[in-house]
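In what follows, every chain begins at residue 1, and chains take the letters A, B, ... in the order their sequences are listed.
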Amino acid sequence: MLDAPRIYLKGQHVIAGDHLFSAELCLPAGRWTCLLGPSGIGKSTILRLILGLETGGDFNGSIQASDDAGLDGRVSFMAQSDLLLPWLSVLDNIVIGAQLRGETPDYERAKSLLERVGLSGHQNKKPPTLSGGMRQRTALARTLMEDRPVVLLDEPFSALDAGTRADMQELAAEVLHGRTVLLVTHEPAEAARLSHQILVMTAKGIDIWPSPKAEIPRDITAEKTLSCQGALLEHLREMTL
Amino acid sequence: MRRRDILFALLLGLGIWQALVWITGAPHFILPSPWRVAQAAYKSRVIILDNAWITALEVLLGLLLGSLLGVATAVQLTLFKTAERLMLPILVFTQAVPVFALAPLLTLWFGYGIGSKVVMAVLIIYFPVTSAFHDGLSQTSQGYRDLGASMGATRFQFLRYVQIPNALPSLGTGLRLAAVYAPIGAVIGEWVGASKGLGYLMLLANGRAKTDLMFAALIVLACLTVLLHIAISKLALRLTKYAEGR
């Protein structure tokens with residue numbers, strides 16, 4: 001199995017001299033962390049910082065992995081928009097990472113991943129012919145194909161209908177097991193189902209919110225999941241008042 | 001457009017033309033009737049076809065070379081940011097020079113043969129193709145860029161697998177413009193100095209007051225341009241469909 005590292009981030013993000021946010025957070029190794037908070041507070045920026053992408057500002061601080069190795073090439077991400085290339089088949093979309101690095105793609109592995117996300121038989125289809133759920137399954141298979149120990153998810157299921165979303169949450173929890181996952185979401189229900197650790201971000205900083213003890217993905221109807229979801233929703237509402 | 005509509009428009013055009021001939025009572029060397037032009041076209045069919053072939057060759061060669069050059073330039077501008085900063089202003093500046101004014105010079109440099117006309121066509125379509133494709137290549141969404149960066153994409157592979165396919169509809173737009181401009185370039189080249197081609201034939205007919213032949217040559221030229229436009233539009237539609245995964 002992968003050696004998924006713990007990730008520790010601490011620092012301030014500044015755009016053109018304006019202090020945007022201070023943050024300190026720890027992503028436990030091989031566990032799911034959900035990050036919630038009002039829109040525009042900087043959740044996606046944290047994700048971009050860990051990915052090493054341009055944020056339009058400066059970050060004064062540090063991002064460290066527990067094994068002291070750099071994060072370069074060890075993080076993959078999945079966004080709300082599936083980012084599939086419409087001109088490529090499902091199979092070619094899954095191996096796009098290898099193509100972009102100029103490596104020879106492993107089509108056999110790609111096919112087995114397609115089977116794993118329930119898309120066998122669709123490998124030659126073009127993304128525009130697929131449903132939203134199938135497209136996100138393809139994007140998930142592409143993320144798995146990268147086989148990185150750290151996976152960052154930016155509201156990947158928010159555009160799906162409720163039933164498909166619940167299916168995707170279960171599938172993602174299953175196939176990303178053992179990786180260090182950070183899920184940015186607006187959905188208290190999603191956080192209550194999928195988090196080992198729930199973080200709530202405000203302008204002042206990041207607070208830990210108690211999450212249920214059960215293994216993920218948690219039963220939607222379980223009392224502890226529902227009460228966590230309810231309390232979290234109440235808390236988020238109070239913040240926006 | 002439905003076929004019936006096209007036929008109707010054609011008949012309407014011919015009707016207006018004939019009506020003008022009747023109303024103005026102009027002599028045939030000023031405004032020949034459609035029938036007279038048809039007769040002239042039939043009588044001179046060999047000479048018209050000969051010259052049409054030359055013009056078509058100039059246009060097609062110009063289109064091919066101009067498009068290849070434009071595509072290569074756009075790719076190079078995208079890959080090398082320094083080139084982009086240096087070359088883009090120069091490219092825009094060269095557009096301030098009317099290409100037609102260069103025609104005599106081109107004839108001097110490349111001779112009376114098809115060479116100078118091909119160069120003329122190349123010059124006139126080079127910028128629209130370059131600028132349309134370069135715009136398309138620059139418009140890769142931030143999402144794709146992030147994905148590429150997180151996957152460790154090389155610049156060249158990203159261009160090949162993401163930017164170029166994504167820019168194909170823009171290239172189609174540039175090619176459609178080029179298909180309209182290329183015949184203009186070739187014919188102007190022929191006007192300035194040539195021994196063959198539809199533009200040359202038109203000047204020749206004009207000089208000998210054979211206005212009916214001039215009209216015939218003009219109509220053949222228009223038909224060539226329309227055919228080219230249809231063909232390139234089909235190609236452009238294909239490029240767009242490919243990029244959209246249809």
Chain B contact via A:Ile50 - side chain, backbone, both or neither, heavy atoms under 4.5 Å: neither
Would you tabulate the side-chain donor-acceptor contacts of residues 216-232 of chain B under 3.5 Å, counting partners in other chains and residues two or more places apart, or write 'none'?
residue: B:Thr225; atom: OG1; partner: B:Leu221; partner atom: O; Å: 2.9

Approximate separation, where rounding is to 0.5 Å, of B:Leu147 CG and A:Leu53 CG: 10.0 Å
field: Residues of residues 79-105 of chain B near chain A, each having a heavy atom less than 4.5 Å away
entry: none
With 3.5 Å as the limit, can you list every donor-acceptor pair between chain B and chain A, backbone and side chains included?
residue: B:Tyr144; atom: OH; partner: A:Leu84; partner atom: O; Å: 3.0
residue: B:Asp146; atom: OD1; partner: A:Arg48; partner atom: NH2; Å: 3.0
residue: B:Asp146; atom: OD2; partner: A:Arg48; partner atom: NH1; Å: 2.6
residue: B:Asp146; atom: OD2; partner: A:Arg48; partner atom: NH2; Å: 3.4
residue: B:Ser150; atom: O; partner: A:Arg148; partner atom: NH1; Å: 2.9
residue: B:Met151; atom: O; partner: A:Arg101; partner atom: NH1; Å: 2.7
residue: B:Thr154; atom: N; partner: A:Leu100; partner atom: O; Å: 3.0
residue: B:Tyr161; atom: O; partner: A:Trp87; partner atom: NE1; Å: 3.3
residue: B:Tyr161; atom: OH; partner: A:Gln99; partner atom: OE1; Å: 3.0

- prompt: Between A:Pro128 and B:Gly245, what is the shortest heavy-atom contact and its length?
  reply: CG-O, 4.1 Å
- prompt: Is it the backbone or the side chain of A:Pro127 that comes under 4.5 Å from a heavy atom of chain B, or both, or neither?
  reply: neither
- prompt: Using non-hydrogen atoms only, which part of A:Leu51 is less than 4.5 Å away from chain B: side chain, backbone, both, or neither?
  reply: side chain
message: Give the interface residues of residues 121-137 of chain B toward chain A, defined by a heavy-atom separation under 4.5 Å.
response: none
